[in-house]
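Heads up, the thing below is written out as structure tokens.
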There are 2 protein chains.
Amino acid sequence: MAVQVTENTPTVALGPAAALSCRECGQRFALGPIFACQECFGPLEVAYDLPSGDPEGLRKQIEAGPDNIWRYAPLLPVPTDVADKPNLNPGFTKLVKADNLARELGVTGGLYVKDDSGNPTHSFKDRVVAIAVEAARAFGFTTLSCSSTGNLAGAVGAAARRAGFESCVFIPHDLEAGKVVMAAVYGGDLVGIEGNYDDVNRFCSELIGDPLGEGWGFVNVNLRPYYGEGSKTLAYEICEQLGWQLPDQIVIPIASGSQLTKIDKGLKELIALGLVEDKPYKIFGAQAEGCSPVSTAFKAGHDVVRPQKPDTIAKSLAIGNPADGPYVLDIARRTGGAVEDVNDAQIVDAIKLLARTEGIFAETAGGVTVGVTKKLIEEGVLDPSLTTVVLNTGDGLKTLDAVAPTSGPTATIRPNLDAFRAAGLAR
Amino acid sequence: MAVQVTENTPTVALGPAAALSCRECGQRFALGPIFACQECFGPLEVAYDLPSGDPEGLRKQIEAGPDNIWRYAPLLPVPTDVADKPNLNPGFTKLVKADNLARELGVTGGLYVKDDSGNPTHSFKDRVVAIAVEAARAFGFTTLSCSSTGNLAGAVGAAARRAGFESCVFIPHDLEAGKVVMAAVYGGDLVGIEGNYDDVNRFCSELIGDPLGEGWGFVNVNLRPYYGEGSKTLAYEICEQLGWQLPDQIVIPIASGSQLTKIDKGLKELIALGLVEDKPYKIFGAQAEGCSPVSTAFKAGHDVVRPQKPDTIAKSLAIGNPADGPYVLDIARRTGGAVEDVNDAQIVDAIKLLARTEGIFAETAGGVTVGVTKKLIEEGVLDPSLTTVVLNTGDGLKTLDAVAPTSGPTATIRPNLDAFRAAGLAR
């Protein structure tokens with residue numbers, strides 16, 4: 001299926017996307033539903049012919065665009081008329097100036113939470129799926145699929161129906177109830193796999209190589225090069241919302257590691273395009289202790305990531321064999337950042353810290369980034385005098401179990417003043 | 001505490017808000033934390049000195065404002081510098097053109113879903129609370145409180161912490177788990193009341209008249225006149241998002257009825273200000289059969305609303321004695337609309353209909369509006385050839401129980417192709 005790019009290669013119309021190129025050997029292939037280099041088996045990513053020479057014009061074009069990721073269509077592998085197509089139109093979520101949290105953590109340089117719980121299905125996955133949907137449309141697929149730790153299943157289920165696709169998504173059989181119902185309610189097929197996420201992933205790779213999977217667009221497998229680009233929009237939005245400036249420090253959760261690498265790619269694009277002034281920035285990766293293959297490698301000074309068997313409440317980050325782990329290590333080291341992890345109790349504490357300071361109810365992955373930010377400040381690794389952005393990639397309503405045991409009514413009383421007085425709640 | 005307005009009455013600075021006026025007798029009072037007329041006990045509402053004479057300038061000012069309800073600050077009872085204060089900044093949620101749903105329902109005139117699940121705590125309550133917070137700040141309260149069927153408790157809990165208030169909120173003891181955890185996670189006091197919402201409400205009225213409640217701002221009691229105005233922003237946004245046009249028909253859920261009356265007020269203001277062209281519009285109210293005091297009165301041709309004991313899965317609408325019921329009847333009749341109800345099974349069907357057509361997962365209240373829209377079309381009451389807006393005021397993740405029994409995995413299998421084939425899922 002893979003076609004090496006020559007002068008005469010016909011291409012599908014995906015805006016500025018010019019080809020797929022191998023991240024390892026640089027070999028270029030025509031745009032298509034492929035994900036691994038046929039020369040060296042390295043991962044493929046989208047290569048662009050980006051607009052150049054008129055940063056001010058481009059900035060104005062973006063600012064006049066829709067209040068969603070399609071404002072960045074000139075920088076994404078999507079058709080130029082993407083905003084007119086049926087899509088969930090995620091993005092342009094709030095960048096919350098978190099002054100209360102900053103006071104608690106001692107951050108003086110400006111602390112922001114990029115809150116992706118405001119996306120249509122309440123996680124950052126809507127961004128990547130939105131791009132994959134348009135790629136699937138371009139390649140003529142009729143069924144959308146994925147392997148998922150939960151958030152992605154809901155995002156694919158919802159996006160598929162809105163965009164007019166069938167869907168069949170695969171999840172570990174023991175996910176949080178909220179994520180299971182959300183993945184099922186859109187009416188596509190939902191398949192529980194007896195195993196963990198890595199088992200689900202292996203199964204999907206098998207399915208895609210089998211005639212059974214023909215005509216299926218797996219958003220995070222054969223559409224992965226396009227899908228991954230959706231995470232660049234987090235970088236674009238953060239910088240635009242900071243007034244077209246780079247933050248000094250960003251704390252990003254690590255599951256497969258893709259999001260972190262694409263945010264770095266997005267920041268570099270903005271610099272190259274002249275949309276932001278070039279200056280150093282540091283990227284920090286955040287993992288749960290119960291699934292910390294990348295932070296373990298970072299701390300040990302290793303270049304390779306040894307797989308782990310996940311055991312953490314942060315199920316959306318529970319990928320024991322993260323495909324982009326080595327790239328994450330590169331980026332953290334190159335930018336002067338770090339990779340750190342927190343345990344389940346610290347994750348719960350951090351969810352509640354964010355809730356009681358800023359009124360943001362994050363899912364466990366948000367507890368991981370806030371908890372890691374706190375830990376990195378205490379360790380003297382993250383500089384509290386610099387502008388810092390922390391990502392919340394999901395919604396607390398999807399991981400209620402994490403906080404439910406410690407988040408109930410203060411009291412339950414009969415409806416009268418004596419009962420209220422007796423409960424000791426008067427101020 | 002109530003002060004009748006004279007030339008010399010000092011007023012707090014709440015933007016264009018000039019006074020409180022009685023909806024029944026018209027008596028005016030100075031802006032303060034009062035909610036009932038001292039002359040006739042009628043409900044008080046905010047009276048304005050609205051900007052006039054330059055609709056084009058006002059429209060431009062709004063369009064240049066922030067992407068939240070504060071873009072309408074010139075029309076709201078809030079300080080002019082409201083956008084600089086710590087607040088959850090809700091609003092400007094998506095108006096989704098629902099072409100797939102329109103096809104299913106046979107709507108040809110354009111069908112839109114105003115999706116308030118995109119608000120910070122995922123319900124429209126963030127709008128009303130945001131206004132109440134600014135009133136509480138102006139009046140010097142330090143504790144925020146409310147009676148709630150769940151959504152409001154979460155909205156108050158979150159907004160209070162962000163804005164720097166203490167909070168103590170009251171809910172019926174038997175709410176959905178998600179709403180309880182969400183109300184508690186922000187760290188303020190949460191009190192379960194052994195009784196239904198009407199019992200909770202009565203208790204709060206008692207508390208507010210007692211020294212125990214001194215210094216407390218109850219967003220939906222003593223701050224109610226301000227709070228209620230937040231719903232006007234739904235009208236403003238719908239019209240702006242339609243290109244500064246009135247829709248022909250709007251379907252709105254009824255709990256207390258306040259939201260419906262304030263949307264009508266907002267539409268009338270836009271007409272008076274010249275921001276939209278004057279033309280007829282019809283307002284339809286939607287209730288659950290298990291709590292349908294207003295639709296019962298509408299169908300019987302009554303002007304008064306007889307209280308009911310609620311028994312429905314649509315708990316956020318389960319107000320058996322709706323304070324604004326008579327005003328809702330007036331508006332539905334005056335505009336040529338109607339009030340209708342659907343039963344619990346129809347609510348579940350409608351939640352799933354919206355999910356599988358548009359990828360929007362609504363809470364039960366959204367099932368009520370979509371279900372009522374369908375029923376009104378089938379009855380020939382709602383005209384499918386006209387532009388119609390249906391409100392989804394909340395999030396499906398908060399009422400999982402409604403759809404969980406019928407929304408699970410299609411199959412659970414071992415991770416291999418034989419198992420997949422055996423499950424009959426191949427396409």
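Note: hydrogens, waters and symmetry copies are ignored here, and every other heavy atom, side chains too, is used. Chain A is the first sequence line, chain B the second, and so forth, proteins listed ahead of strands; every chain is numbered from 1.
Using a 4.5 Å cut-off between heavy atoms, B/Lys179 does not touch chain A at all. Only the side chain of B/Val96 comes within less than 4.5 Å of a heavy atom of chain A; its backbone N, CA, C and O stay farther away. Only the side chain of A/Pro120 comes within contact range of chain B, judged by heavy atoms closer than 4.5 Å. For A/Ala98, the part sitting under 4.5 Å from any heavy atom of chain B is the backbone (N, CA, C, O) and nothing else. Contact of B/Ser167 with chain A is made through the backbone alone, with heavy-atom distances under 4.5 Å.
Interface remark: of the candidates A/Leu353, A/Thr406, A/Val180, A/Thr143, A/Thr143 forms the most heavy-atom pairs closer than 4.5 Å to chain B. Counting heavy-atom pairs under 4.5 Å between each of A/Asn416, A/Leu400, A/Val185 and chain B puts A/Val185 at the top. Counting heavy-atom pairs closer than 4.5 Å to chain B, the top-ranked of the candidates A/Asp395, A/Thr142, A/Val403, A/Asn68 is A/Asp395. When each of A/Glu206, A/Glu194, A/His173, A/Arg421 is checked for heavy-atom pairs under 4.5 Å with chain B, A/Glu194 comes out on top. For the set B/Arg414, B/Glu358, B/His122, the entry with the most heavy-atom pairs within less than 4.5 Å of chain A is B/His122. No other option in B/Val169, B/Thr93, B/Ile351, B/Leu88 has as many heavy-atom pairs under 4.5 Å with chain A as B/Leu88. Interface remark: of the candidates B/Val200, B/Asn119, B/Asp115, B/Leu207, B/Leu207 forms the most heavy-atom pairs closer than 4.5 Å to chain A. Interface check for chain B: of the options A/Leu101, A/Thr357, A/Asp67, A/Thr121, the most heavy-atom pairs under 4.5 Å are formed by A/Asp67. Heavy-atom pairs under 4.5 Å with chain A were tallied for B/Pro86, B/Gly187, B/Gly408; the largest tally goes to B/Gly408. Interface remark: of the candidates B/Asp199, B/Asn100, B/Ile193, B/Ile193 forms the most heavy-atom pairs closer than 4.5 Å to chain A. Ranked by heavy-atom pairs shorter than 4.5 Å toward chain A, the options B/Asp99, B/Val191, B/Ile413 are led by B/Ile413. Here A/Leu425 is the residue among A/Leu354, A/Ile171, A/Leu425, A/Ile360 with the most heavy-atom pairs under 4.5 Å with chain B.
Atom CZ of A/Arg202 is separated from atom OH of A/Tyr197 by 11.5 Å, given to the nearest 0.5 angstrom. Remark: B/Met182 CE to B/Leu190 CG distance equals 13.0 Å, nearest 0.5 Å.
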Item to complete: Give the C-alpha distance, both sets of side-chain angles, the deciding distance and a yes or no for salt bridge (Lys or Arg N to Asp or Glu O under 4.0 Å) between B/Lys352 and B/Asp349.
Response: CA-CA 5 Å; B/Lys352 295 171 90 169; B/Asp349 285 349; over 6 Å; no
Fill in: Stepwise side-chain contact (heavy atoms from CB on, under 4.5 Å) test for A/Ile69 and A/Glu237
CA-CA 8 Å; A/Ile69 59 171; A/Glu237 292 180 16; 3.7 Å; yes
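Within the 3.5 Å criterion, the main-chain N or O of A/Gly150 finds no donor-acceptor partner in the side chain of A/Lys398. Formation of a donor-acceptor pair under 3.5 Å by the B/Lys125 side chain with backbone atoms of B/Ala153 is not found in this model.
With B/Phe218 as the partner, the side chain to side chain contact (heavy atoms under 4.5 Å, CB included) test is satisfied by one option alone out of B/Ser147, B/Cys146, B/Cys204: B/Cys204.
What you find for B/Val348 and B/Ala402 is that their closest heavy atoms are CG2-O, 3.4 Å. Closest approach of A/Cys168 and A/Ser145 over heavy atoms only: O-OG, 2.6 Å. Closest approach of B/Phe165 and B/Phe141 over heavy atoms only: CE2-O, 3.1 Å. Among all heavy-atom pairs drawn from B/Ala362 and B/Asn392, the shortest one is CB-OD1, 3.2 Å.
A salt bridge between B/Glu104 and B/Arg356 is present, with a side-chain N of the basic residue lying under 4.0 Å from a carboxylate O of the acidic one. Between B/Glu240 and B/Arg71 there is a salt bridge, since a side-chain N of the basic residue sits under 4.0 Å from a carboxylate O of the acidic one.
Side-chain contact, A/Glu363 with A/Asn151: a donor N or O sits under 3.5 Å from an acceptor N or O. No donor-acceptor contact under 3.5 angstrom links the side chains of B/Asp198 and B/Asn201, judged on distance only. For the residue pair B/Gln241 and B/Lys114, a side-chain donor N or O sits within less than 3.5 Å of a side-chain acceptor on the partner.
Residues A/Ile313 and A/Asp401 fail the side-chain proximity criterion, which asks for heavy atoms closer than 4.5 Å.
Contact residues of residues 154-164 of chain A toward chain B are A/Ala158, A/Arg161, A/Arg162 (heavy-atom distance under 4.5 Å). Interface residues of residues 208-215 of chain B toward chain A, defined by a heavy-atom distance below 4.5 Å and sorted by number: B/Asp210, B/Leu212.
The aromatic rings of A/Trp216 and A/Phe170 sit parallel, their planes meeting at an angle under 30°, below the 60° perpendicular limit.
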